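Input: a single structure, listed below in structure tokens.
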Amino acid sequence: MDILAELNPAQREAVEAIGGPVLILAGPGSGKTRVITHRVAYLIKVCRVNPRRIMAVTFTNKAAREMEARLEQLVSGSVGNITLGTFHAICARILRQDGKAINVSPRFVIYDAADQLSLIKRGMQEINIDPKQYAPAAVASVISAAKSQLLTPVDYVKQGHSYFEEIVSRTYERYQQLLEESNALDFDDLLMKAVRLFNKSPEVLSKYQSRYLHILVDEFQDTNTVQYELVKQLAGKHRNICVVGDPDQSIYSWRSADLRNILSFEKDYPDAKVVILEQNYRSTKMILDTASSVISANEQRKPKELWTDNETGEPVRVVETYTEQEEARFVVSEIERLVDLGESRLGDCAVMYRTNAQSRVIEEAFIRYGTPYKLVAGTRFYERREIKDVIAYFRLIHNPQDVVSLLRIINIPGRGIGQQTLAKLSEWAKSLGISQMEALQLLVEAKEREEIPEHSFSARTVRALTDFWNLMDGLSTSSRVLDLVALFDLVVGASGYQQYIQGGPDGEERWENILELRSVAREYQDLNPPEGLTAFLEKVSLVSDVDSLDETTDRVTLITLHQAKGLEFPIVFIVGMEERLLPHFRSFDDLAQMEEERRLCYVGITRAKRQVYLVYAFRRTLMGSSAVNQPSRFLDDIPRHLVSSPSWWQEGDRQVTEAIYSWNGNSYAGPPDSEPAVVAGKEAVPELKAGDHVKHAHFGPGVVVSCKDVNDDCEVVVAFDGQGVKRLLLSLAGLEKVD
DNA sequence: CGAAAGGCTCTTTTT
DNA sequence: GAGCCTTTCG
């Protein structure tokens with residue numbers, strides 16, 4: 001297969017420029033992914049570079065997986081030796097391999113944002129800082145930013161001036177100590193310590209520098225200072241570094257991503273070859289023009305002209321609804337309409353929003369209509385309590401020093417070990433200069449020798465504590481011989497966790513989640529005992545929500561604008577196009593942040609191939625209270641000729657009196673004071689009772705479980721054959737009674 | 001010690 | 001509106 005065929009001249013140039021630094025500026029839909037994969041394939045097939053000597057950094061694990069799959073097709077063979085993954089995953093690997101040089105034990109655990117926050121709270125407590133006065137989350141984000149600038153606690157102290165910075169500084173110091181005692185790294189540490197490793201150990205650096213002949217970085221506009229530093233270090237010897245990005249799609253500055261990285265690349269590498277990809281293959285002219293009109297209002301930006309040979313397409317549709325509920329209903333009914341027309345499938349459609357909180361109302365509407373959807377970040381799987389609990393057991397087995405995990409599960413399920421006991425235990429361990437697990441071990445040994453205890457635990461408490469230690473010790477022992485799945489079953493069984501969770505609220509659902517985690521463990525079953533556990537923990541620590549997005553099922557995708565980066569859909573709905581939401585109110589007092597909101601909007605629009613809907617609600621409930629918001633300022637920048645004339649939304653036979661007004665008419669003509677109009681055309685809806693057999697357009701045949709009257713309507717619970725149990729609204733779901 | 005209830009705060013985006 | 005924390009009582 002000719003790797004250069006099917007590439008346009010600019011793309012081809014980007015693929016063939018293999019000596020020295022290369023900057024590829026790739027507008028949305030310009031075939032960026034294609035260029036990257038073809039470039040790597042070109043290196044392997046044509047330039048005969050050993051895949052082992054190539055590193056490719058992606059933004060998500062999913063992107064890495066996809067790239068690997070495409071590569072294997074292109075080079076028709078294994079590329080297993082290539083280093084491919086996110087910065088975090090690659091750094092974790094480097095640190096496990098060579099971290100010893102800077103005292104990073106290979107058994108470290110990785111703390112996610114929640115673990116980090118809990119440890120910071122603990123640190124603040126220990127040095128008597130009132131969490132009510134200084135929000136731990138705020139302190140956490142400053143510490144994270146400091147780490148992203150490569151500032152250690154010592155460096156940070158030198159910078160601090162304000163009283164708040166003083167507080168942060170002291171917390172940072174204590175927090176870092178706690179991390180070390182726990183043998184844990186947070187996300188920022190993974191990057192920072194890798195850079196530190198390379199600074200401290202020239203041999204290690206040289207090993208990696210020599211190995212990596214070619215380095216590629218995708219989404220370069222979203223890298224931060226540490227990441228760029230790391231790239232510079234790694235590319236220090238061969239200087240074959242290729243970065244790909246688009247400044248207009250930089251949307252992660254809050255994670256310390258620094259747009260200057262991509263803007264100053266040419267200064268850092270004056271001999272860099274720059275390739276600009278401006279032809280868009282994804283969207284219609286109308287969509288592309290809309291996107292351009294929005295983004296060109298940014299001042300701090302290099303002008304760029306995207307163009308396309310695609311057809312003109314339909315105008316963008318701007319729609320006003322009365323409330324967020326109406327907004328959700330509009331989206332679902334419009335999608336159903338499009339599907340009924342036969343030109344689109346559910347899987348073609350995506351609904352995008354600024355904040356995760358917006359997804360709930362949308363989701364409810366989809367459930368009520370019985371329209372299949374997939375929510376990318378629901379209650380994020382790995383953030384669920386039961387999942388974190390079980391993982392904590394594994395982390396503690398893997399690394400007994402892990403304080404966060406210990407405190408998480410020492411009394412889950414309840415073992416009679418309360419706050420008092422834990423405070424004493426912590427104090428006691430501290431006075432002896434040992435970890436809490438080691439203190440527990442002492443307790444066990446003292447008990448076995450029937451010594452008089454030097455602590456003040458009651459006999460009952462001693463029993464509870466020693467029981468727990470024996471449990472964990474037993475699990476550790478087993479972990480050295482059992483495969484991961486067997487260990488999994490042992491952990492949830494022996495700890496009493498299974499019984500605890502099944503007996504609690506939502507027991508079955510939570511248990512299913514745990515089984516889901518068990519199936520992840522199965523992927524590592526074939527590895528030898530210690531490696532299986534390590535690999536499993538690494539995987540569950542570094543997953544992201546988009547990683548699990550499955551594009552093959554025919555369902556509507558519900559996704560945040562951030563997560564949508566890098567994806568494309570024929571039909572895109574952006575909801576919540578309102579001031580205070582998009583742009584988000586947190587960006588109002590800062591031009592740079594406001595421009596980022598605009599880029600976010602741009603990213604959303606440019607995901608679409610065929611049709612874009614920009615939807616906003618006249619009135620919306622935010623943080624518990626309802627308020628009227630202005631339409632987003634970004635709408636003002638779209639020329640009228642790109643927008644369809646004011647649309648009136650009609651839902652089936654139902655005249656929705658409160659629904660749509662002209663988006664540009666500015667004034668709202670007046671909402672109904674009463675409840676929405678009564679559902680019309682109800683006579684077509686069948687009377688149903690429990691036990692009736694029904695049929696649904698998407699879910700197929702099923703049996704009615706229950707019916708409940710709700711405001712002139714009826715909520716029907718139906719068990720569909722093989723599709724699970726769904727809650728539907730009778731008037732909307734289109735259920736058909738079967739005899 | 002633990003369950004339950006009440007009160008408080010604060011909401012962006014994520015590897 | 002929800003999650004977190006604290007308080008209270010058994």
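Given the structure is predicted, the values throughout are model-derived calculations rather than measurements. All chains are named by letter (A, B, ...) in the order of the sequence lines, taking the proteins before the strands, and each is independently numbered beginning at 1.
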Within the pair [X] and [N], is there a side-chain N or O less than 4.0 Å away from OP1 or OP2?
{"X": "A:Lys132", "N": "C:dC5", "value": "no"}
{"X": "A:Arg360", "N": "C:dG1", "value": "yes"}
{"X": "A:Gln563", "N": "B:dT14", "value": "yes"}
{"X": "A:Asn411", "N": "B:dC1", "value": "no"}
{"X": "A:Thr60", "N": "B:dT15", "value": "no"}
{"X": "A:Thr621", "N": "C:dG1", "value": "no"}
{"X": "A:Asn356", "N": "B:dT14", "value": "yes"}

Tell me what [X] touches on the nucleic acid: a base, only sugar-phosphate, or nothing, going by heavy atoms under 4.0 Å.
{"X": "A:Leu191", "result": "nothing"}
{"X": "A:Ser587", "result": "nothing"}
{"X": "A:Phe87", "result": "nothing"}
{"X": "A:Glu596", "result": "nothing"}
{"X": "A:Lys565", "result": "nothing"}
{"X": "A:Asp188", "result": "nothing"}

Is the shortest distance from a Lys or Arg side-chain nitrogen in A:Asp112 or A:Lys388 to a carboxylate oxygen in the other one below 4.0 Å?
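A:Lys388 and A:Asp112: salt-bridged.
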Inspect the contact between A:Glu326 and A:Arg329 and indicate whether a charged nitrogen and a carboxylate oxygen are less than 4.0 angstrom apart.
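Salt bridge between A:Arg329 and A:Glu326, a charged N being under 4.0 Å from a carboxylate O: yes.
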Rounded to whole Å, please give me the gap between [atom1] in [X] and [atom2] in [N].
{"X": "A:Asp189", "N": "B:dT15", "atom1": "CG", "atom2": "C1'", "value": "13 Å"}
{"X": "A:Leu622", "N": "B:dT11", "atom1": "CG", "atom2": "C1'", "value": "10 Å"}
{"X": "A:Asn224", "N": "B:dT14", "atom1": "CG", "atom2": "P", "value": "17 Å"}
{"X": "A:Leu117", "N": "C:dG3", "atom1": "CG", "atom2": "C1'", "value": "13 Å"}
{"X": "A:Gln125", "N": "C:dC4", "atom1": "CD", "atom2": "P", "value": "16 Å"}
{"X": "A:Asp186", "N": "B:dT15", "atom1": "CG", "atom2": "C1'", "value": "11 Å"}
{"X": "A:Glu538", "N": "B:dT15", "atom1": "CD", "atom2": "P", "value": "16 Å"}

Taking atom types as modelled, is there a side-chain donor on A:Tyr602 or A:Asn298 under 3.5 Å from an acceptor on the other?
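There is no such pair between these side chains.
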Quick one about A:Glu229 and A:Gln227 (side-chain donor to acceptor, distance below 3.5 Å, no hydrogens or angles considered), yes or no?
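Per modelled atom types, A:Gln227 and A:Glu229 side chains form no pair under 3.5 Å.
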Let's test this: given Watson-Crick or G-U wobble pairing with both distances under 3.5 Å, identify the partner of B:dT11.
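B:dT11 is paired with nothing.
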Complement of C:dC9, any strand, by Watson-Crick or G-U distances under 3.5 angstrom:
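Answer to the pairing question: B:dG2, which forms a Watson-Crick or G-U pair with C:dC9.
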Consider the side chain of [X], meaning its heavy atoms from C-beta on, and name the nucleotide among [options] that approaches it most closely.
{"X": "A:Lys121", "options": "B:dT14, C:dC4, B:dT15", "answer": "C:dC4"}
{"X": "A:Phe187", "options": "B:dC1, B:dT15, B:dT14", "answer": "B:dT15"}
{"X": "A:Gln420", "options": "B:dT13, C:dC5, B:dC1", "answer": "B:dC1"}
{"X": "A:Thr355", "options": "B:dT13, B:dT14, C:dC4", "answer": "B:dT13"}
{"X": "A:Arg586", "options": "B:dC1, B:dT11, B:dT15", "answer": "B:dT11"}

If the plane angle is over 60° it's perpendicular, under 30° parallel, otherwise tilted; pick one for A:Phe220 and A:Phe265.
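The rings of A:Phe220 and A:Phe265 stand perpendicular, inter-plane angle above 60°.
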So, do A:Trp254 and B:dT13 meet the stacking rule of ring centres under 5.5 Å and planes under 30°?
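Yes, the aromatic ring of A:Trp254 stacks with the base.
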Does A:Glu427 have more than 12 heavy atoms from other residues, nucleotides or ligands lying within 6.0 Å of its CD?
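Not more than 12 within 6.0 Å, no.
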Does A:Thr421 or A:Phe585 map to a spot on DNA chain B nearer the 5' end, using the closest nucleotide for each?
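Taking each residue's closest nucleotide, the earlier one in sequence belongs to A:Thr421.
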When the nearest nucleotide of DNA chain B is assigned to A:Ala113 and to A:Leu422 on a heavy-atom basis, which residue is associated with the more 5' position?
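Upstream on the strand: A:Leu422.
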Let me see the working for A:Tyr497 and A:Tyr500 under ring-ring contact (aromatic ring centres under 6.0 Å, His included), right down to the final yes or no.
CA-CA 5 Å; A:Tyr497 197 81; A:Tyr500 160 78; 5.4 Å; yes
